[in-house]
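Take a look at the structure set out below.
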Amino acid sequence: MSVDKFTPYNEKTIQRAPQWGRVPGELREAVTVVSQVLPFRTNQYVLDELINWDNIPNDPIFRLNFPHRAMLDDTDYATLRDVIAAGDKGQIALHAGKLRERMNPHPAGQQTHNVPELDGKEMSGMQHKYSQTILLFPKHGQTCHAYCTFCFRWPQFVGDGELAFAAEDAQGLTAYLARHREVTDVLITGGDPLIMRTNTLARYIEPLLAPEFEHIQNIRIGTKSVAYWPQRFVTDRDADELIRLFERVVTAGKHLAIMGHYNHPAELRPDIAQTALKRITATGAHTRLQSPILRHINDNAEAWRELWTTGVRLGAIPYYMFVERDTGARSYFEIPLVRAYEIFRDAYQRVSGLARTVRGPSMSAFPGKVLIDGTPTIRGEKVFALQFLQGRNADWARRPFYARYDPDATWFDQLTPAFGAEKFFFEDELPLPAPEPRELTVVGA
């Protein structure tokens, strides 16, 4: 029987959870220390339905929710632990802030290249990286039902206004869209837009259904609620109202895509999670499955095979396998690009054509979404075969290019051009920023 009353926990209240007594002391300490830097939030449904408490700390959903010591450098962890023990809140905040600054809080040019302008004014709470798609970050959706420890949007949740994106209302969006007819897709993201009540969410969505926005063909909602709180679609007091909102969007002639962040097949196993997917599908909306590949969580082909095949059976569409972004606790989760490609290929071979809608492994890097398409040997040189699925310049899409093979590379900025070239084909138009300092991957728990 699943939980119907939403009960969240943070680093201060987690001790009230019935399962807290099963968490070993060293892991409790990690919650206290690491959560000063990276946000921690879970809920009773995750604890009751998704975590196998006989398998902690190795259970993937436990690692997906609970901070671990190895998410910080050993020296940083020890220093911060000592500062916390001293009890000076100002010093704790200072040390935590310095660590965040070193974690590349806004990768891929989110603050420097992605923020759109209208009449010379930056549009708060919006990003426009690719011509067809605008991202909206509603002010009221700046949290989630639970936080993933790998999340590249972690700066939204740490209470620092300088790190967050937040749109007060839909007026800026509609004003921008009225001038930008090339935009066909609006992605409402966060945080999680479905943390909002339905009537609040509707204030952002319903203006897009007006005739003057006929160029908006697709409305996307990025959400983890399908996995961490499927009650949002089934038993919440306004769940039926949410379903009716989805129906109105579809009836208005828009394609509604629920971008479901599922990181492990365990999130699709509970009955209520499957009921939620079926209710969404019945509205005419489509759910797409996407996740980065993560060490400790889903770095094996069988997890992806089960996720994709279960999703297809329930009416969802496998969409993306991403590469873990170069931010936050990246050293804890990242795996070599060659290993990501091998896992993707192994999983792809195990599924039928209906699940082969998935694309990956894909890096959402500064110049665009870069697909790893193989590791061939060409003219005696082993290389990474790459292509853009999306680029800051649309003309880059699907153009093959090659990088020197590097068995240890975990991100795009660690790759160099193959065949003796000095730079990649797009760098004359868009020079790459200096790469983040490369750290050794932490192998332990």
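Quantities reported herein were computed from a predicted structural model and do not represent experimental measurements.
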In chain order, what residues pass the side-chain contact (heavy atoms from CB on, under 4.5 Å) check against [X], with sequence neighbours excluded?
X	answer
L389	Y320, R359, S362, K369, L371, R398
P367	A365, F388, W396, F412, F426, L430, L432
H140	M196, T200, R203, Y204
P400	Y402

Using a 3.5 Å cut-off and no angle test, enumerate the donor-acceptor pairs between side-chain atoms of residues 184-195 and protein atoms at least two apart in sequence or in another chain.
unit_1: D185; atom_1: OD1; unit_2: N218; atom_2: ND2; d: 2.9
unit_1: D185; atom_1: OD2; unit_2: N218; atom_2: ND2; d: 3.3
unit_1: D185; atom_1: OD2; unit_2: R220; atom_2: NE; d: 3.1
unit_1: D185; atom_1: OD2; unit_2: R220; atom_2: NH2; d: 2.8
unit_1: T189; atom_1: OG1; unit_2: R153; atom_2: NH1; d: 2.9
unit_1: D192; atom_1: OD1; unit_2: L194; atom_2: N; d: 2.9
unit_1: D192; atom_1: OD1; unit_2: T223; atom_2: OG1; d: 2.9
unit_1: D192; atom_1: OD2; unit_2: T223; atom_2: OG1; d: 2.9
unit_1: D192; atom_1: OD2; unit_2: K224; atom_2: N; d: 2.9
unit_1: D192; atom_1: OD2; unit_2: S225; atom_2: N; d: 3.2

Worked check of side-chain hydrogen bond (donor to acceptor under 3.5 Å, both in side chains) between E334 and T410: CA-CA 6 Å; E334 65 186 358; T410 59; 2.9 Å; yes

Does the structure place the NZ or CZ of R325 under 6.0 Å from the centre of the six-membered ring of F152, at an angle of no more than 45° from the ring's axis?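 Yes, a cation-pi geometry.
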
Who pairs with [X] by salt bridge (charged side-chain N to carboxylate O under 4.0 Å, His left out), at least two apart in sequence or on another chain?
X	result
D48	none
R237	none
D346	R350
R305	E302

Quick one: list whatever passes side-chain hydrogen bond (donor to acceptor under 3.5 Å, both in side chains) with K423, sequence neighbours left out.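 Scan of K423 (side-chain hydrogen bond (donor to acceptor under 3.5 Å, both in side chains), adjacent residues dropped) gives D428.
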
Taking the six-membered ring for Trp and the full ring for Phe, Tyr or His, determine whether the centres of W308 and Y348 are under 6.0 Å apart.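 No: the rings miss the under 6.0 Å criterion.
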
Tell me every residue that passes ring-ring contact (aromatic ring centres under 6.0 Å, His included) with F40, counting only those two or more places apart in sequence or in another chain.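 Counting only residues at least two positions away or on another chain, F40 forms a ring-ring contact (aromatic ring centres under 6.0 Å, His included) with F66.
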
Does a donor on one side chain and an acceptor on the other come within less than 3.5 Å for Q19 and Q44?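 Yes, Q44 and Q19 have a side-chain donor paired with an acceptor closer than 3.5 Å.
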
Output a table of donor-acceptor pairs, distance under 3.5 Å, between side-chain atoms of residues 244-251 and any protein atom two or more places apart or on a different chain; print 'none' if there are none.
unit_1: R248; atom_1: NE; unit_2: E206; atom_2: OE2; d: 3.1
unit_1: R248; atom_1: NH2; unit_2: E206; atom_2: OE2; d: 2.7
unit_1: T251; atom_1: OG1; unit_2: E247; atom_2: O; d: 2.8

